[in-house]
Amino acid sequence: VQPEADLFAARRRAVSSGLAARKLDALLIGLGPNLRYLTGFTGTNGMLLITAREAIFWTDPRYAIQAQEQVSCTSRIAKGPLLPRVVAAVTRRQVRRLGFEKARITFEQYEALRNAVPMRAALQPVPGWIEQMRMVKSAGELAAIREAVILNSRAFEQAVRHAKAGMREIDLAAELEFRMRRLGAEKPAFETIVASGPRSAKPHADPGPAPIRPKELVVVDMGAQHAGYASDMTRMLHTGDPSPKTRRVYRAVLEAQLAALDAVRAGATAQQVDRAARNVLRGFGLDKAFTHSTGHGLGLEIHEPPRLGRKDKTVLQAGMAITVEPGVYLQGFGGVRIEDTVVVTGNGCEILTPTPKELRLLEA
Ligand code: ZN
Ligand code: ZN
C-alpha cells in the first residue's frame with residue numbers, strides 16, 4: 001500500500017467519523033480541490049460520496065486507468081453524467097440527510113439533487129468543512145509547497161536577471177512562466193502579475209503590452225504549482241533610481257511586512273497578524289492605501305482559509321501555510337507589495353521564500 005493512499009484514506013475516515021456530529025448520513029464532494037484532497041484524483045470529472053462506512057468515487061471512462069492508479073476507495077466508471085449514478089447510490093443506501101458543498105456545487109447540480117424525490121428536504125449545505133481540514137498541512141504537503149516556493153524563486157532570479165526598462169510587461173511575465181516550467185513546475189499557480197508605473201496601483205493588474213519605462217516601479221506577483229500545491233511571492237523592481245517618495249513607500253511596506261511576519265505564531269489570530277501590518281502603515285499615514293487583507297492560506301488552491309484580514313478570528317496553528325503580503329496602492333503613483341510564503345510554527349514562523357526583499361534596481 002502506498003503511504004499517500006493511506007493519507008487519503010485517513011482523511012476520508014476523518015470525514016466518515018465526523019458525519020454523525022454534523023447530523024449527516026453522507027457527504028457529497030464534487031470536482032475540485034476537496035475531491036483531490038480526499039482521493040488524490042487529478043482528473044477533470046469526478047464525484048465522491050462518503051458515508052459513515054464507505055467512500056465511493058465516480059468518474060467517466062476517460063479516467064478509468066487514472067482512477068485505478070490514484071484512487072484507493074471504491075471507484076465506479078460511469079458512461080454519461082455522474083450525478084444520476086450518485087443519486088441512485090444515495091437512494092439505495094437510504095441516505096436521509098445528504099450534506100453538499102454549498103460553495104462548490106453548481107445550481108444545476110443542486111437542482112438535479114433536489115429533484116431526486118427520495119431526498120427532498122434532506123439536502124444540507126455544509127460550508128467549509130473540508131477547507132477547515134485542509135488548513136493545517138501534512139509533512140508531505142509542506143514538502144510540496146516548499147518545492148513550489150524554491151522553483152518560484154529560482155525562476156524569478158533567472159527571469160529578472162535580464163529585465164530592464166524597455167521590456168514589455170507581457171514579455172517579463174512570459175519569461176517568468178517559461179522559467180518556472182523549465183525548472184519543473186506543473187504550471188503557474190495563478191496568472192502571473194507584472195505591472196509597472198501607475199498600473200502597479202491595481203493590486204491584480206494583468207501584464208500589458210506597453211514597455212516598462214525608466215524610473216518606474218514594477219510589481220511581480222507570481223506562483224508555481226508543484227505536485228498540486230501552490231507558492232505565492234511578490235517582489236518589487238524599479239528601473240533606475242527611485243524617488244524619495246518611492247523609497248519611503250517601499251520602507252513602509254517592508255516594515256509592515258516584517259511586523260506582520262513577527263506576529264505570526266501558533267496561538268495568534270489571523271486578525272492580529274493583519275493588525276500588526278496595518279499599525280505600521282498607520283504610522284506612515286498609509287493605512288488607508290492598504291486595500292486588501294494581509295495574507296491568505298495556500299495549498300491545493302492559491303487562496304484558502306484562513307484569511308489574514310481584519311475580521312478573521314481563526315487561531316493560527318503550527319503547520320498552516322500562509323502568505324504575508326501587505327501593500328500600499330496610490331492611484332496615479334503606483335503600488336508596492338511584498339509577499340512571502342511562510343509556515344506557522346509553535347513560536348513563530350518559517351519563511352520559505354528565499355528571495356531577498358530589498359527593492360531591486362534594474363537598468364533604466
Ligand atoms: Zn501573490
Ligand atoms: Zn497572495
Side-chain angles (χ1 to χ4, degrees), residues 33 131 134-135 137 144-146 148-157 159-160 169 172-173 176-177 179-180 185 187-196 199-207 217-226 229-237 250 253-254 256-258 260-261 263-264 270-271 273-274 276-278 281 290-310 312 314 316 320-329 334-344 349-357 359-360:
E131 286 79 355
R134 284 167 49 197
M135 284 203 296
K137 269 63 183 178
I145 292 170
R146 230 173 257 282
V149 167
I150 295 301
L151 295 173
N152 180 343
S153 283
R154 281 203 195 124
F156 177 80
E157 287 307 327
V160 163
E169 292 169 3
L172 181 52
L176 288 161
E177 294 187 0
R179 299 282 177 182
M180 272 193 271
K187 57 179 178 180
F190 55 91
E191 298 283 331
T192 303
I193 295 168
V194 176
S196 59
R199 282 170 36 73
S200 61
K202 291 183 261 186
H204 273 192
D206 290 322
L217 277 166
V218 186
V219 60
V220 173
D221 189 349
M222 63 187 292
Q225 186 183 303
H226 176 76
Y229 285 79
S231 67
D232 196 359
M233 173 182 96
T234 307
R235 286 294 183 269
M236 299 300 306
L237 317 172
Y250 194 82
V253 174
L254 181 57
Q257 206 248 0
L258 296 174
L261 286 170
V264 175
Q271 67 181 175
V273 177
D274 181 71
R278 255 168 244 286
L281 292 175
F290 177 23
T291 49
H292 53 75
S293 52
T294 294
H296 53 86
L298 78 174
L300 286 172
E301 289 176 285
I302 188 61
H303 293 122
E304 297 184 357
R307 179 185 148 94
L308 281 75
R310 289 173 202 270
D312 195 324
T314 305
L316 299 182
M320 285 183 174
I322 58 172
T323 70
V324 175
E325 50 171 315
V328 161
Y329 309 94
V336 170
R337 178 167 67 255
I338 302 170
E339 174 180 30
D340 289 325
T341 298
V342 312
V343 179
V344 179
C349 70
E350 184 193 350
I351 301 170
L352 301 185
T353 310
T355 305
K357 268 185 261 204
L359 182 57
R360 190 182 288 240

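Each ligand, and each atom within it, is numbered from 1 in the order the structure gives.
Among the atoms of His296, an N, O or S atom falls under 2.8 Å of the Zn ion (ligand 2).
With no hydrogens or angles considered, no side-chain donor-acceptor pair links Thr234 and Glu325 at under 3.5 Å. For the 3.5 Å distance criterion, the side chains of Ser231 and Thr341 fail to qualify, holding no donor opposite an acceptor.
Taking the Zn ion (ligand 2) as the apex, the angle formed with OE2 of Glu339 and OE2 of Glu325 is 80°, to the nearest 10 degrees.
Ring centroids of His303 and Phe190 are separated by 6.0 Å or more, keeping the two rings apart.
In Asp232, the N, O or S atom that comes nearest to the Zn ion (ligand 2) is OD2. The atom of Asp221 that is an N, O or S and sits closest to the Zn ion (ligand 1) is OD1.
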(request) Using the side chain to side chain contact (heavy atoms under 4.5 Å, CB included) rule, take Arg134 and Glu131 through it: C-alpha gap first, then chi angles, then the decisive distance, then the call. (result) CA-CA 5 Å; Arg134 284 167 49 197; Glu131 286 79 355; 4.3 Å; yes
